[in-house]
S.K.: 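My structure is below; once you've seen it, I'll send some questions.
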Amino acid sequence: MLETLSAPFEAVAALMAAGGPFVLWIFAAGALMWAVILERYFFFKWRYPTLAREMLARWTGREDHQTWAAHQIRRKLISSINGEMDSNMQVLKVLVPLCPLLGLIGTVHGMLEVFDSMSILGTADARSMASGVSKAMNCTMTGLAVSVTGMFPLFHFQGRIRQQTERLSEQFKY
């Protein structure tokens, strides 16, 4: 039972050992990315409905809905909810494309090791080249895999923010 539970951790440790130091940075970026994704999920699940109801109650509790000042208050209420929905999305928008770039840096680093070993040995030994190329490809694969896992949530949350903002604009009637 314990072996089954520890297998994913051992696989990640093996990938880090095979991919070099950049795999650790990719996993750190992935962990931060998934922390933001979970935070946004819980925001939309629990905090957003309460926040939207509170702001809608503030708007419907006003007697004046027609003046310029009322329109500005409506715009501010919708904007504040939109700001809450958009919170931490910039971090997510940076981390999703950052992971493949870290993989690319790891790839270049691995290839430099290949060329370095070739220059030290003076020949193109296939074994020494294979280990460096393997390290390089592990970084590329890890960066792409981590990034792909964050793409769907990123686009999902962006669409949800647009949809909820439009819905709020319709609910806050003049």
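Quantities reported herein were computed from a predicted structural model and do not represent experimental measurements.
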S.K.: Passes side chain to side chain contact (heavy atoms under 4.5 Å, CB included), Cys139 versus His109? Steps please.
M.R.: CA-CA 9 Å; Cys139 285; His109 183 262; over 6 Å; no
S.K.: Can you see which heavy atom on Met55 is nearest to which on Leu77, and at what distance?
M.R.: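 Result for this residue pair: SD-CD2, 3.4 Å.
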S.K.: Which atom pair, heavy atoms only, marks the closest approach of Trp46 to Pro49?
M.R.: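 Heavy atoms only, the tightest pair is O-CD, 3.6 Å.
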S.K.: Which residues pass the side chain to side chain donor-acceptor pair (under 3.5 Å) test with Glu10, sequence neighbours left out?
M.R.: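 Checked Glu10 against side chain to side chain donor-acceptor pair (under 3.5 Å); matches are Ser6.
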S.K.: Distance from Met33 atom CE to Thr149 atom OG1, nearest 0.5 Å?
M.R.: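 Spacing of CE (Met33) from OG1 (Thr149) equals 3.5 Å.
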S.K.: So which atom in Glu84 and which in Arg40 form the shortest heavy-atom distance, rounded to 0.1 Å?
M.R.: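 Closest approach of Glu84 to Arg40: O-NH1, 2.9 Å.
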S.K.: According to salt bridge (charged side-chain N to carboxylate O under 4.0 Å, His left out), does anything in residues 44-67 pair up with another residue at least two apart or in another chain? List the pairs.
M.R.: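 Output for this query lists Arg62-Asp64.
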S.K.: Does Gln171 reach the side chain of Leu168, with side-chain heavy atoms less than 4.5 Å apart?
M.R.: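 Yes. Closest side-chain heavy atoms under 4.5 Å.
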S.K.: Begin from the C-alpha positions of Val96 and Phe152 and carry the test side chain to side chain contact (heavy atoms under 4.5 Å, CB included) through to its verdict.
M.R.: CA-CA 10 Å; Val96 168; Phe152 174 75; over 6 Å; no
S.K.: Of all residues at least two apart in sequence or in a different chain, which pass the side-chain contact (heavy atoms from CB on, under 4.5 Å) check with Gln164?
M.R.: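 Expected list: Tyr48, Met85, Arg160, Arg167.
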S.K.: Kindly give the heavy-atom pair with the smallest separation between Tyr41 and Phe157, and that separation in Å.
M.R.: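 Scanning both residues completely, I find the closest heavy atoms to be N-CZ, 3.6 Å.
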S.K.: Minimum heavy-atom separation for Ile26 and Val146, please, with both atom names.
M.R.: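 Nearest pair, atom of Ile26 first, then Val146: CG2-CG2, 3.9 Å.
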